[in-house]
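Below is one structure, written out as structure tokens, with a few remarks after it.
One is the number of the first residue; the rest follow in order along the sequence.
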Amino acid sequence: GDLDLFGHASLFQWICRCETRSGTTTLRDWLLEPAVPSEILLRQDAIKELAPRARLREELQLLGRRLRDYPSGPDRMIEWTESPDWLLRRPWVTWLVRLLPALFVASGLTLLLWESGQPVWLALFSLLGCHFLLSLLFGGQVHTRFHHVSSGRGEVQNYLELFHLMEQEPAVATKLVSLQQQATLEHGGIHLRLRQLGAIMVLANLRHSAITFPLWLVLQLGLLWDFHVLAVLETWKRRHGSQVRSWFTALGEYEALASLAAVHHDDPDWSFPTIAPAGKPLQARGLGHPLLTDASRVANDIEIGNPHCCLLVTGSNMSGKSTLLRSTGLNLTLAQMGSPVCAT
């Protein structure tokens, strides 16, 4: 609270260029949890590489803004991938939704190819009744699973474009290469996996369109369509669901690095701190408050010794004592998240 890390006119509000929930959550966590020295150095290299790439940062923001209509972000999808299957864990339902449509199609072919009798018509209408009953009993469960993956308005497609932008960008820094690998699998990588998921969701969302609703109604009553789509969806989850969290973690870190790269781009005179072993003095030259403008900022040299020493700050009212303390705390926060700091 004293450092104004969050809230109106805060450090977070000033730094954050993230648009997705993954990115903003990652940046928040970086502000609250200091990184280990090795991770700080990796982030510094990545920030230096991303700083000149203004086009990339702008495209990340523009694509991310399309996802504002999905306030839960990827949390619903991640929760679904890490939850137990619903349909494939119920073999009796799985076999029932396979057997009943097969019998329905066989009865229909019998009516078309041979002379029909009353028993065939009776079987046909009985099977239709079974389909309707199954849809009534379990349709809500099926549609809840569909909703966890996507709200039906292109969420998967928007994330697909973000990951595609991230993958195609050349990377040299170890951190950036690692993030790209984290979001890449063999045989086409995440791009292929999300395209597969998007295609499945097109089939799952037939009922949402006025144009395709009559088709969905016929397919659902005749073939139990939604159950078969859910089976395909849960098969996809079994194959690739364990990697979904790492995909969005990588995207969040990439966005957070892009935000810090914008800081480096906008303030190229700010320095990247060197990391000293624990217990060494904190030393800074030209240290200033990062949230003040260049015109109003007063820079100071500062040295705070080992844990057995203290720095006594004195001065008259309104002379800037609290601002100096906040400047030190804010720049330490920036330093420990890998960012450049407001100091020479």
Side-chain angles (χ1 to χ4, degrees), residues 69-70 72 74 76-160 192-241 244:
D69 291 336
Y70 310 98
S72 66
R76 282 202 319 266
M77 187 187 298
I78 294 172
E79 178 187 351
W80 168 72
T81 60
E82 296 176 350
S83 65
D85 294 329
W86 183 83
L87 181 60
L88 298 183
R89 288 177 66 241
R90 292 168 171 78
W92 68 272
V93 179
T94 304
W95 284 106
L96 201 59
V97 299
R98 292 174 183 173
L99 179 63
L100 292 178
L103 292 174
F104 181 80
V105 171
S107 301
L109 289 175
T110 302
L111 287 174
L112 290 174
L113 300 177
W114 293 282
E115 291 186 7
S116 58
Q118 185 176 357
V120 179
W121 281 106
L122 184 61
L124 200 64
F125 283 112
S126 298
L127 289 167
L128 272 177
C130 291
H131 290 184
F132 178 77
L133 187 61
L134 276 174
S135 300
L136 195 64
L137 290 174
F138 301 118
Q141 294 282 355
V142 174
H143 296 153
T144 297
R145 270 70 191 173
F146 290 162
H147 185 68
H148 272 73
V149 184
S150 171
S151 63
R153 294 183 295 167
E155 185 176 9
V156 172
Q157 181 61 34
N158 287 328
Y159 275 116
L160 179 60
L192 176 61
R193 303 304 177 220
L194 281 184
R195 270 194 293 139
Q196 291 172 345
L197 186 61
I200 296 171
M201 293 314 299
V202 169
L203 302 178
N205 291 320
L206 289 179
R207 65 192 180 91
H208 291 300
S209 169
I211 298 174
T212 57
F213 179 80
L215 174 63
W216 170 82
L217 191 60
V218 172
L219 292 172
Q220 180 64 20
L221 287 176
L223 302 175
L224 294 172
W225 174 261
D226 285 347
F227 290 93
H228 298 294
V229 174
L230 181 60
V232 175
L233 191 62
E234 290 188 345
T235 300
W236 182 95
K237 182 177 79 168
R238 285 190 172 184
R239 292 175 179 171
H240 313 300
V244 171

Nearest 0.5 Å, what's the [atom1]-[atom2] distance between [X] and [Y]?
X    : Y    : atom1 : atom2 : answer
L224 : F132 : CG    : CZ    : 12.5 Å
L103 : S126 : CG    : OG    : 11.0 Å
H148 : K237 : NE2   : NZ    : 10.0 Å
D226 : N205 : CG    : CG    : 9.5 Å
F227 : W86  : CZ    : CH2   : 5.5 Å
W80  : H147 : CH2   : NE2   : 14.0 Å

Applying side chain to side chain contact (heavy atoms under 4.5 Å, CB included) between L87 and each of T235, L230, V229, V142, report the one that passes.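 Going through T235, L230, V229, V142 one by one, the side chain to side chain contact (heavy atoms under 4.5 Å, CB included) with L87 is satisfied by L230 alone.
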H143 side-chain N/O to G139 backbone N/O, donor-acceptor pair under 3.5 Å: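 Side chain of H143 to backbone of G139, a donor-acceptor pair under 3.5 Å: yes, one is there.
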Indicate yes or no for a side-chain donor-acceptor contact from E234 to the backbone of L88 under 3.5 Å, with no hydrogens or angles considered.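 A pair under 3.5 Å: yes.
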Quick check: do [X] and [Y] have side-chain heavy atoms less than 4.5 Å from each other?
X    : Y    : answer
L206 : W225 : yes
H228 : P101 : yes
L192 : Q196 : yes
L223 : V105 : yes
L197 : L233 : yes
W216 : H208 : no

In this structure, are over 12 heavy atoms from other groups packed under 6.0 Å from R239 atom CZ?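 Atom CZ in R239 is not packed in, count stays at 12 or less.
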I211 CD1: over 12 foreign heavy atoms closer than 6.0 Å: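 Not more than 12 within 6.0 Å, no.
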Which heavy atom of G222 sits nearest a heavy atom of H131, and at what distance?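 Here G222 and H131 meet closest at O-CE1, 3.1 Å.
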Which word best sums up how the rings of F138 and W92 line up, parallel for under 30°, tilted for 30 to 60°, or perpendicular for over 60°?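 Answer is perpendicular, since the angle exceeds 60°.
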